[in-house]
Structures are given as structure tokens and as C-alpha cells.
Amino acid sequence: MSKQMSHLDDIPSTPGKFKMEKSPFVHNRLRWHSSLAKLTFWSFIFLGLILIFFFRSPSSNPLPQDPSRRSLRTYNWGGPAWEKRVRSSACVRSHNGISVLVTGAAGFVGTHVSAALKRRGDGVLGLDNFNDYYDPSLKRARQALLERSGVFIVEGDINDSALLRKLFEVVAFTHVMHLAAQAGVRYAMENPGSYVHSNIAGLVSLLEVCKSANPQPAIVWASSSSVYGLNTKVPFSEKDRTDQPASLYAATKKAGEEIAHTYNHIYGLSLTGLRFFTVYGPWGRPDMAYFFFTRDILKGKSIPIFEAANHGTVARDFTYIDDVVKGCLAALDTAEKSTGSGGKKKGPAQLRVYNLGNTSPVPVSDLVSILERLLKVNAKRDIMKLPRNGDVQFTHANISLAQRELGYKPSTDLQTGLKKFVRWYLGYYNGGKKAAG
Ligand SMILES: O=C(O)[C@H]1O[C@H](OP(=O)(O)OP(=O)(O)OC[C@H]2O[C@@H](n3ccc(=O)[nH]c3=O)[C@H](O)[C@@H]2O)[C@H](O)[C@@H](O)[C@@H]1O
């Protein structure tokens, strides 16, 4: 793609030099030899450069069977028709509307946030690499949904700086809602590289382009409740320590918060991190417990329910998607402008972190009971010891900061939210007959 082209363009071109030195009147042997020697010399240099390029290029030296590479395939983008779609999707249609680049737009939260922004007349352009961490057909279905409301999702990776630069060339985004990430706590044991690739390298790649954009956008991005890690003080407040992550996933999100601090400090980027607490709802992620519990209960398969030592309860502050979307929009609306331009800081910029939780943790066993009632099927419960693979025993958000500064006020309890999820699930998977990924 254009990134690779620019590498190739960097290779020094030498033929002009040969022409200059070759006199049409002098054909002596020495001269011929020296030209041949030069030709051989430059051919070696050229070959050497090509080899260096291939060995350093991320897409040409894949680690065998490294699934983090799944998102590095080549995407087609560019051209007048593509640019027209990008511009039209990002076009603001309401007075005082904002123009937002939503990364991870085919993801669970990304789809809901994009649709909500579009509904109120903001300009929205999606970006997603459609990787196969979970069933990509669900992502395609979300894409079709957004397409119908006028949101175009560009297919590409946040690590593709040439693509990101192009998007900022075509549209002067006022805001970026950065939701593209490798999610999931337990999968980090299987594929650690994918977390570093998306949550660290991808974030830096995006911030690099944002800092150089003119104007610089304000950025709101998804951190995670998992940054509280082994913290035992409840409810979790933004002031609590976050230096004991229990999973690599959590560590990459914590790293993201520190990286955000750096880009805010050096370049004047306005940055807001949102710590999401186990977000659930219609169009959700099939790798999450409430989703695959539903699938497996309907199939009559047993479900593993974790418990802590001495039959200790494992609980989560499950937060309904609509509440989280309101928090995301409020974070965008209250974000101050970045202060830098052209990669230079002009003054101090806003740096914020908020918990977006529900403030009422529910034991996982209660989640299963609610699902049993809604599905009218008894679950086959397989009680297991909480594995040591990154899970923490409980989460509980203190949301007073978000309440005060964003007007965030979650209003959906787990019973109500799961009812909406189950209704969607049964409709989408045709009463459980279609396979859920
Ligand atoms: O709050 C967050 O920041 C995180 O929330 C979720 O992580 P988690 O809370 O672990 O969500 P699930 O994987 O759906 O697990 C929910 C609960 O079910 C439990 N569980 C999970 C899987 C299982 O087989 N059995 C089981 O009892 C877990 O221990 C946990 O208490 C998301 O998966 C993360 O991407 C997100 O960042």
C-alpha cells in the first residue's frame, strides 16, 4: 500500500549518474570496466536495500501462526469515489455538530456510539480492521446497520499511519472516538502480541497522526475497569492506585493511560480516557460471559461459573450499553480543544479519566439466574475455581466524578438490560437456531 510505496520511493535512484559519466566518444576498456564495476556496486546496494526493506516490513516477515498478524492484511482505500464516501459520511448535518472519526466502529461500543452520533446530526466516519478475534459476520452485520444510517466504515488498521494521515487530509475531524482495541481479559494468555499491537502500537500510531493534524482533534478513548487490578479498596475511584494490573490486557490499557499523559504533555492533545465496566447489551461481544452463557444455556451445554477461594463470590459492575453511550457522548461534548498545531504544543491541554460503571455489582451466579428466567431454560452450572489468568474477583465503580463533570447517570439495571439483550439475541440468531460465534 502507499506506506510500502513510500519506502520504495526512499531508495536512492542512481541511473542519472551513470549517464552523466558515460561519454559517447570514449570507449576505452578501463572506462567500460569502471562502469561495470559501478553497475555491480549499485546493483548490490539496491538489492541490499530491498532485502532490508523486506526484513523490516511488518507485513512481509510474519511470525508463523501469529494471529496478531490477522489485521495486517492489505486493505483497499483511496481514489475519488472512496474520498467522496469519506467526506459525505463525516459531513456535519446539525448546527454546532462535531465531526468524529470512530475507530473500532464495527465493534460493540463503536457501533452504538457511531449510530448515536449520527442520529443527532454529527459527522461520523468509522474505521475498523474487521479482524477475526470473534465472528466477523457479526461485525459485518453491525456495519450494514450503520451503513443504513449513513455511516461509512473504512476498512483499515490503526497501525496504518498512511491511511490515518489520508483520512485527516480528507476531513478536518474535530474529535476522535478511539474504541479500536484488542479486548478480552483471558485471551491475553493466548495471544499477547495482539494486545501490544492494537492497544499500544496502534494507540501510538493514532496519536502520532493526531498530534500532527491541523487542527488537532480532541480524543476520547476506551480504557478499562481492569486497570484497578488487584486494588481492594471499593468502590474503585479514579484516585485509587492502578499500578497492579492482573492481566496483560489491563497492563496495555494502563500503558495507554500513561501514553495519553505523554501526548497531552508534549503535544497539547486533549485526551479523555473512559474506564468501561463490563459493558453488555444488544449487538454485544460473543467472547463475553453473558453472551456465551446465553448461547450455551440455549444449547444445553454446561457453563463454567467462577468462584473465588472459600466459595467467595465473583461479581461485576455490569454496565448497560445505552448508559455507556451517553457517557461517551458527554465526554465528547465536554472535551476541550487540543492546544497544539503542526506537532507543536501551544499551551496546557485537557487530560481526563472517568469511570463509566453502574455502581451496583452483581454476582456472576445471579447473572446466570436472570438469564435462566429470561430464556426459560435451566443452566447446567459448572462451578469452577477462578482461574489465575487475569480475572479479578470483583469490580465496583465510584462514578461521582463522571456524574459531576459529564452528567453521567446510569439508569439500567442488569435485569432490564439483559431482557433487551436476550430479545435481540433471539431475534438475531433466529431463536438460537443460527450458530452464535
Ligand atoms: O470491565 C472491563 O474493563 C472489561 O470487561 C470485560 O471483562 P470481564 O469483566 O472479565 O467480562 P467477562 O469476560 O464477560 O466476564 C464477566 C464475569 O464472568 C466471569 N466468567 C467469565 C467466563 C467464564 O467462563 N465464567 C465466568 O464465571 C468472569 O470471572 C467475570 O466475573 C471485557 O471482556 C473487557 O474487554 C473489559 O475491558
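Each ligand, and each atom within it, is numbered from 1 in the order the structure gives. Only heavy atoms go into these numbers, but all of them, side chains included; no hydrogens, no water, no symmetry mates. Throughout, residue positions are numbered sequentially from 1 according to the sequence presented. Keep in mind the model is a prediction, meaning the values are calculated, not measured.
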Fill in the blank from the handout: residues 297-321 vs ring-ring contact (aromatic ring centres under 6.0 Å, His included), sequence neighbours excluded, gives Y280-Y320
Problem - Within 45° cone of F130 ring axis and under 6.0 Å: R140 NZ or CZ - result: yes
Practice task
Might you list the protein residues in contact with ligand 1, defined as having a heavy atom under 4.0 Å from one of its atoms, sorted by chain and number?
Solution key: A183, G184, V185, R186, S224, S225, S226, Y249, F276, F277, T278, R285, M288, A289, F292, F293, P304, I305, F306, V314, R316, V364, L386, D391
Exercise for the section: Assess K233 against Y228: is NZ or CZ under 6.0 Å from the centre of the six-membered ring, and within 45 degrees of the ring's axis? Expected result: no
Exercise for the section: Could you tell me how the ring of Y429 sits relative to the ring of W424: parallel (under 30°), tilted (30 to 60°) or perpendicular (over 60°)? Expected result: perpendicular
Check residues 217-225 and write down every donor-acceptor pair under 3.5 Å in which the side-chain atom is one partner and the other belongs to a residue at least two apart or another chain.
from : atom 1 : to   : atom 2 : distance (Å)
S223 : OG     : E257 : OE2    : 2.7
S224 : OG     : S226 : N      : 2.9
S224 : OG     : S226 : OG     : 2.6

Fill in the blank from the handout: Quick note, side-chain hydrogen bond (donor to acceptor under 3.5 Å, both in side chains) partners involving residues 206-215, not counting sequence neighbours, are E208-K211, E208-Y263
